[in-house]
Amino acid sequence: QEQLVESGGGLVQAGGSLRLSCAASARTFSNYAVGWFRQAPGKEREFVAGISWSGDNTYYADSNKGRFTISRDNAKNSVYLQMNSLKPEDTAVYYCAAPRGPKYGSSWYSRAYEYDYWGQGTQVTVSS
């Protein structure tokens with residue numbers, strides 16, 4: 001059973017930055033794509049960013065293009081989300097997720113149901 005653990009959340013002022021980390025425990029993380037999602041109170045979980053197994057391909061929601069950067073270090077079994085120019089509307093619980101097996105193409109990244117393993121989430125709060 002894969003375990004994903006997020007860290008790095010916290011309270012930051014608008015315009016500030018945070019770097020989230022997602023660490024995997026059970027399997028060779030480098031074989032699989034990873035996605036970041038977030039969920040604000042009263043809202044549905046939404047896609048934030050995704051990265052291919054190699055790190056060569058990255059995908060972003062339109063709302064954070066140019067502000068967020070997803071990256072990975074397969075040697076450390078970790079994926080990161082660098083968030084800059086944070087806005088109050090970025091406030092949410094952020095989750096990393098991974099599929100059970102390999103997937104192909106790019107259209108599936110934004111669909112939460114395509115992912116089988118989820119972390120417990122880390123809270124990001126941006127004050128105005």
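Just the heavy atoms: all of them, side chains too, but no hydrogens, waters or symmetry mates, feed the values below.
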Distance from Cys22 atom SG to Tyr94 atom OH, nearest 0.5 Å? 15.0 Å
Check: Arg19 and Leu81 side chains under 4.5 Å, non-hydrogen atoms: no
Rounded distance (nearest 0.5 Å) linking atom OH of Tyr109 with atom CD of Glu114: 11.0 Å
Any Lys/Arg nitrogen of Asp90 or Lys87 sitting under 4.0 Å from an Asp/Glu carboxylate oxygen of the other? no
Any side-chain heavy-atom pair of Ser78 and Ser21 under 4.5 Å: no
Hey, quick one: are Phe37 and Val126 part of the same hydrophobic cluster, counting side-chain heavy atoms closer than 4.5 Å, chains of contacts allowed? no
At what distance, to the nearest 0.5 angstrom, does CG of Asn31 lie from OG of Ser54? 11.5 Å
Hey, does the Lys NZ or Arg CZ of Arg72 hover above the aromatic six-ring of Trp53, less than 6.0 Å from the centre and inside 45° of the axis? no
Does Thr125 use its side chain to pair, donor to acceptor, with the backbone of Leu11 at less than 3.5 Å? no
May I ask you to decide if Gly121's main-chain N or O and Glu6's side chain share a donor-acceptor pair within less than 3.5 Å? yes
What distance separates Tyr59 OH from Ile51 CD1, expressed to the nearest 0.5 Å? 10.0 Å
State yes or no: are the ring centers of Tyr115 and Trp108 separated by less than 6.0 Å? yes
Would you mind reporting whether Lys103 and Tyr32 have side-chain heavy atoms less than 4.5 Å apart? no
Considering only heavy atoms from C-beta outward, does the side chain of Val48 approach that of Asn64 to under 4.5 Å? yes
Check for me, please, whether Leu4 and Trp118 land in the same ILVMFWY cluster - side-chain distances under 4.5 Å, paths through other members count. no
How about Arg38 and Glu46: do any of their side-chain heavy atoms sit closer than 4.5 Å? yes
Centre-to-centre under 6.0 Å for Trp36 and Phe47, is that the case here? no
How close do Asn84 and Ser17 get, heavy atom to heavy atom, and via which atoms? OD1-OG, 2.9 Å
Supply the atom-to-atom distance Gln82 CD to Arg67 CZ, rounded to the nearest 0.5 angstrom. 12.0 Å
According to a 4.5 Å side-chain heavy-atom criterion applied to Ile, Leu, Val, Met, Phe, Trp and Tyr, with indirect links allowed, do Tyr60 and Leu20 form part of one hydrophobic cluster? yes
Distance from Ser52 atom OG to Tyr104 atom OH, nearest 0.5 Å? 13.0 Å
Less than 4.5 Å apart, any side-chain heavy atom of Thr122 and any of Val93? no
Does any non-hydrogen side-chain atom of Leu86 lie less than 4.5 Å from one of Leu18? yes
Kindly indicate, with the supporting measurements, whether the criterion side-chain contact (heavy atoms from CB on, under 4.5 Å) is fulfilled by Thr91 and Gln123. CA-CA 8 Å; Thr91 295; Gln123 176 70 47; 4.0 Å; yes
Quick one: does Tyr117's side chain get under 4.5 Å of Arg100's, heavy atoms only? yes
Is Val34 linked to Phe68 within one hydrophobic cluster, defined over Ile, Leu, Val, Met, Phe, Trp and Tyr using a side-chain heavy-atom separation of less than 4.5 Å? yes
On a heavy-atom basis, which atom in Pro88 and which in Ala14 lie closest, and how many Å separate them? CD-CB, 4.1 Å
